[in-house]
Amino acid sequence: MINQVYRLVSPRQFEVTYKDRSLQSDYVVVRPSHLSICAADQRYYTGTRGKEAMATKLPMALIHEGIGKVVYDPLGEIDTGTSVVMIPNIPTETDEIVAENYLRSSKFRSSGYDGFMQDYVFLNRDRLVELPNELNPHVSAFIELVTIAMHSLVRFEAKAHTRRNVFGVWGDGNLGYITSLMLKRRYKDSKVIVFGKNQYKLDHFSFVDETYQIDEIPNDLFIDHAFEAVGGKGSQYAINQMIDQLFPEGSIAIMGVSEYPVEINTRMILEKGLTIIGSSRSGRTDFVNTVEFMKEHPDFVEYLRTLVGEVQEVKTIQDIITAFEKDLTSSWGKTVMEWKI
Ligand SMILES: NC(=O)C1=CN([C@@H]2O[C@H](COP(=O)(O)OP(=O)(O)OC[C@H]3O[C@@H](n4cnc5c(N)ncnc54)[C@H](OP(=O)(O)O)[C@@H]3O)[C@@H](O)[C@H]2O)C=CC1
Ligand SMILES: O=C(CO)[C@H](O)[C@H](O)COP(=O)(O)O
Ligand SMILES: [Zn+2]
């Protein structure tokens, strides 16, 4: 069959590529239904990802957050029409220590390897997780971003000390919202404080204990552990504030992506004995855990609906551009594409 792949060829410019794909293979074929735009996709779309990465990774289909329905399973194990979330990480080996998303041999969709902006996505059997029918598709579209918070929390639990009275989350955007919501659901007796730049965004965080604008943090406020969900140059300011507000021996989980190295106060990291935990992408276990968590906590899913921002029906390449442009000017939430191309 001929599959159409919608690739970014240069900033703000997409082209259709026709790829001949055989159904005589082990791949399960999925028709995407709802796709969501990540900050990483925007860095490629706008060309801010950096000259070298743009040159080596393009042309490629963007998008690594998405769901769809199974249209063909060569083994006949998965019913046609089953709703699934697609896993963008593609491991090529296993390791007893290193998780699939940290293996340098793994490929990642929409980062040098074609993402989900295709008519049909061909996936290895273990690269999809079945979704319950009742789950809201616009929320499910960005499950991958929820797995990022899940993955970071799992790493935090394995590496940080066990006093968890007060958590601080820096970042009043999508990932900050998801992380603080997940912390509140997982640690019912702990206090969660969110630190952000915009009062109108912080107003959405009604479920946390306290919120502060980053230039109004009380001097006597201290936290046990911190999560960074800012990215870019802002992460430098955020990480240095975390270092100041943490009790000794606390931890900092970094999730935000920065294009350039950031300067952090290593002297105080040493003096306070802080642990820094880097966290990037996610793997199958995180997807399975996240879908289970969403099944068990309907109120968690309900809160995530607040994050559904722009919804754009996509039938043409111009609609794709419209979705990315709307996302750039949107002041809150995730942009979801209803994939009907
Ligand atoms: N590790 C991983 O695997 C993943 C990482 N990410 C990364 O996480 C980061 C956040 O993503 P996302 O939530 O979607 O992006 P958002 O833009 O929605 O969120 C970032 C928020 O942080 C605010 N902010 C800026 N500076 C500070 C500061 N010093 N302290 C507190 N808040 C601040 C921003 O405000 P304003 O807009 O006003 O500047 C914005 O509201 C990005 O870098 C993204 O690439 C995303 C997915 C996976
Ligand atoms: O968003 C992400 C995962 O959900 C990661 O931040 C993204 O994969 C980083 O990729 P790149 O190196 O291409 O910017
Ligand atoms: Zn992403």
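Read the numbers this way: they start at 1 and go in the same order the structure lists the ligands and their atoms.
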Can a salt bridge be assigned to the pair K334 and E65 using a cut-off of 4.0 Å between side-chain N and carboxylate O?
yes

For ligand 1, which is the ligand I care about here, please tell me if [X] has any N or O atom under 3.5 Å from one of the ligand's N or O atoms.
| X | value |
| --- | --- |
| V257 | yes |
| G256 | no |
| K201 | yes |
| I148 | no |

Distance-only N or O hit between ligand 2 and S110, under 3.5 Å:
no

Of all the atoms in ligand 2, which lie at a distance below 4.0 Å from a heavy atom belonging to [X]?
| X | answer |
| --- | --- |
| C38 | 1 (O) |
| Y44 | 11 (P), 13 (O) |
| H64 | 1 (O), 2 (C), 3 (C), 4 (O) |
| E144 | 3 (C), 4 (O) |
| S111 | 10 (O), 11 (P), 12 (O), 13 (O) |
| I148 | 4 (O) |
| A40 | 1 (O), 7 (C) |

Look at [atom] and say which protein heavy atom is nearest, naming residue and atom and giving the distance to 0.1 Å.
| atom | value |
| --- | --- |
| atom 40 (C) of ligand 1 | D172 OD1, 3.4 Å |
| atom 6 (O) of ligand 2 | V257 CG2, 3.3 Å |
| atom 8 (O) of ligand 2 | R281 NE, 2.8 Å |
| atom 14 (O) of ligand 2 | R49 NE, 3.2 Å |

Mark up the atoms of ligand 1 that fall under 4.0 Å of a heavy atom belonging to N198, in ascending order.
35 (O), 36 (P), 38 (O), 41 (O)

Heavy-atom contacts with G231 under 4.0 Å: which atoms of ligand 1 show up? List them by number with element.
43 (O)

Atom CD of E263 with >12 non-hydrogen neighbours under 6.0 angstrom
no

Is NZ or CZ of R12 both nearer than 6.0 Å to the six-membered ring centre of F324 and within 45° of the ring axis?
no

Honestly, is R21 close enough over F122, meaning NZ or CZ under 6.0 Å from the six-membered ring centre and within 45° of the axis?
yes

Would you confirm whether any non-hydrogen atom of the protein falls under 4.0 Å from atom 17 (O) of ligand 1?
no

Compute the centroid of each ring, for H204 and then for W332, and state whether the two points are separated by less than 6.0 Å.
yes

Just to be sure I understand the site: which N, O or S atoms from the protein are less than 2.8 Å away from the Zn ion (ligand 3)?
C38 SG, H64 NE2

Will you find, in the side chains of Y44 and R49, an N or O donor that is under 3.5 Å from an N or O acceptor?
yes

Tell me which part of A229 gets within contact of ligand 1: side chain, backbone, both or neither, using heavy atoms under 4.0 Å.
backbone

